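The block underneath contains the structure these notes are about, expressed in structure tokens.
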Amino acid sequence: MSKRMSDFSIARRRMVDRQLRGRGITDPRVIEAMLKVPRHKFVEEAFASQAYSDYPLPIGERQTISQPFIVAAMSEALQLQGNEKVLEVGTGSGYQAAVLALLADQVFSLERISSLARRARLVLNQNGFSKVNIRVTDGTYGWDDEAPFDGIVVTAGAPEIPETYLQQLAIGGRLVIPVGDRNSQILKRVTRLPAGDYRTESLLDCRFVPLVGDKGWEG
Ligand code: SAM
């Protein structure tokens with residue numbers, strides 16, 4: 001392993017120990033996935049040395065790759081076992097999709113900005129995550145052709161929960177979504193119960209870029 005590669009894997013292990021285990025992430029599959037995915041490949045070269053730092057980073061188009069802890073927390077909240085079909089809304093850099101690819105059977109991801117989707121597609125393919133399916137569209141409509149999903153994770157902040165996501169959840173499936181105003185949100189988990197009921201839990205405070213679309217914020 002080159003010196004640079006080994007520096008990155010040391011930084012990744014430290015990130016997992018301090019930022020994830022240190023803050024209560026316990027799911028061993030999530031820990032394993034976060035140890036495996038080379039986060040530095042999902043950011044521009046100029047930010048590679050900060051890829052394992054405890055904050056989000058710019059990825060262009062005024063968008064961000066989320067802080068490692070929030071990626072882990074959202075992944076853990078989905079409670080995946082490995083056989084699920086999962087939808088992500090907000091592909092961004094493709095990093096969260098790569099983590100999901102190690103945690104679930106099938107991964108679908110929607111992005112509204114085509115240049116980000118194109119770059120994510122390239123990086124995912126180059127790093128062994130070609131099973132992720134990406135579509136460029138307004139993700140507030142979900143992905144009707146592929147529904148139902150065992151998990152839906154929305155990586156942008158919504159003013160309210162779009163009805164489409166609730167409809168596209170399988171019975172027993174989990175939707176993880178930040179809901180609030182443009183500057184701060186609460187991460188919610190909605191579980192679809194039998195007989196058309198839903199259970200909603202508030203998990204943590206967070207701050208995401210806005211979910212822009214017909215059933216989200218105006219651009
Ligand atoms: N999950 C990403 C990652 O791992 O890099 C980070 C996502 S970034 C915080 C939010 C992303 O959501 C941006 O790329 C933004 O363009 C996208 N987005 C916002 N509104 C959207 C919508 N209606 N449909 C699809 N993507 C959307």
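Predicted, not measured: the structure shown is a model, and the values here were computed from it. Counting convention: from 1, in listed order, for ligands and their atoms alike.
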- Query: Any ion pair linking Arg23 and Asp54 (charged N to carboxylate O, less than 4.0 Å)?
  - Reply: yes
- Query: Do any pairs count as a side-chain hydrogen bond (donor to acceptor under 3.5 Å, both in side chains) and have a residue in residues 137-163, sequence neighbours left out, and if so which ones?
  - Reply: Lys85-Glu146, Asp138-Thr140, Tyr141-Asp214
- Message: Which heavy atom of Ala48 sits nearest to which heavy atom of His40, and what is that distance?
- Response: O-CB, 4.0 Å
- Test the Arg192-Tyr198 pair against the cation-pi criterion, namely NZ or CZ under 6.0 angstrom from the six-membered ring centroid and within 45° of the ring axis. no
- Task: Indicate yes or no for a side-chain donor-acceptor contact from Glu76 to the backbone of Asp27 under 3.5 Å, with no hydrogens or angles considered.
- Result: yes
For ligand 1, list all ligand N or O to protein N or O distances below 3.5 Å, rounded to 0.1 Å.
{"unit_1": "ligand 1", "atom_1": "1 (N)", "unit_2": "Glu88", "atom_2": "OE2", "d": "2.9"}
{"unit_1": "ligand 1", "atom_1": "1 (N)", "unit_2": "Gly90", "atom_2": "O", "d": "2.9"}
{"unit_1": "ligand 1", "atom_1": "1 (N)", "unit_2": "Thr155", "atom_2": "OG1", "d": "3.2"}
{"unit_1": "ligand 1", "atom_1": "4 (O)", "unit_2": "Gln96", "atom_2": "N", "d": "2.9"}
{"unit_1": "ligand 1", "atom_1": "5 (O)", "unit_2": "Ser93", "atom_2": "N", "d": "3.0"}
{"unit_1": "ligand 1", "atom_1": "5 (O)", "unit_2": "Ser93", "atom_2": "OG", "d": "2.6"}
{"unit_1": "ligand 1", "atom_1": "14 (O)", "unit_2": "Glu111", "atom_2": "OE1", "d": "2.7"}
{"unit_1": "ligand 1", "atom_1": "14 (O)", "unit_2": "Glu111", "atom_2": "OE2", "d": "3.4"}
{"unit_1": "ligand 1", "atom_1": "16 (O)", "unit_2": "Glu111", "atom_2": "OE2", "d": "2.6"}
{"unit_1": "ligand 1", "atom_1": "20 (N)", "unit_2": "Val212", "atom_2": "N", "d": "3.0"}
{"unit_1": "ligand 1", "atom_1": "23 (N)", "unit_2": "Asp138", "atom_2": "OD1", "d": "3.0"}
{"unit_1": "ligand 1", "atom_1": "23 (N)", "unit_2": "Val212", "atom_2": "O", "d": "2.6"}
{"unit_1": "ligand 1", "atom_1": "24 (N)", "unit_2": "Gly139", "atom_2": "N", "d": "2.7"}
{"unit_1": "ligand 1", "atom_1": "26 (N)", "unit_2": "Arg112", "atom_2": "N", "d": "3.3"}

- Note on the structure: Taking every heavy atom of Arg189 against every heavy atom of Leu203, the minimum-distance pair comes out as CB-CD1, 3.9 Å
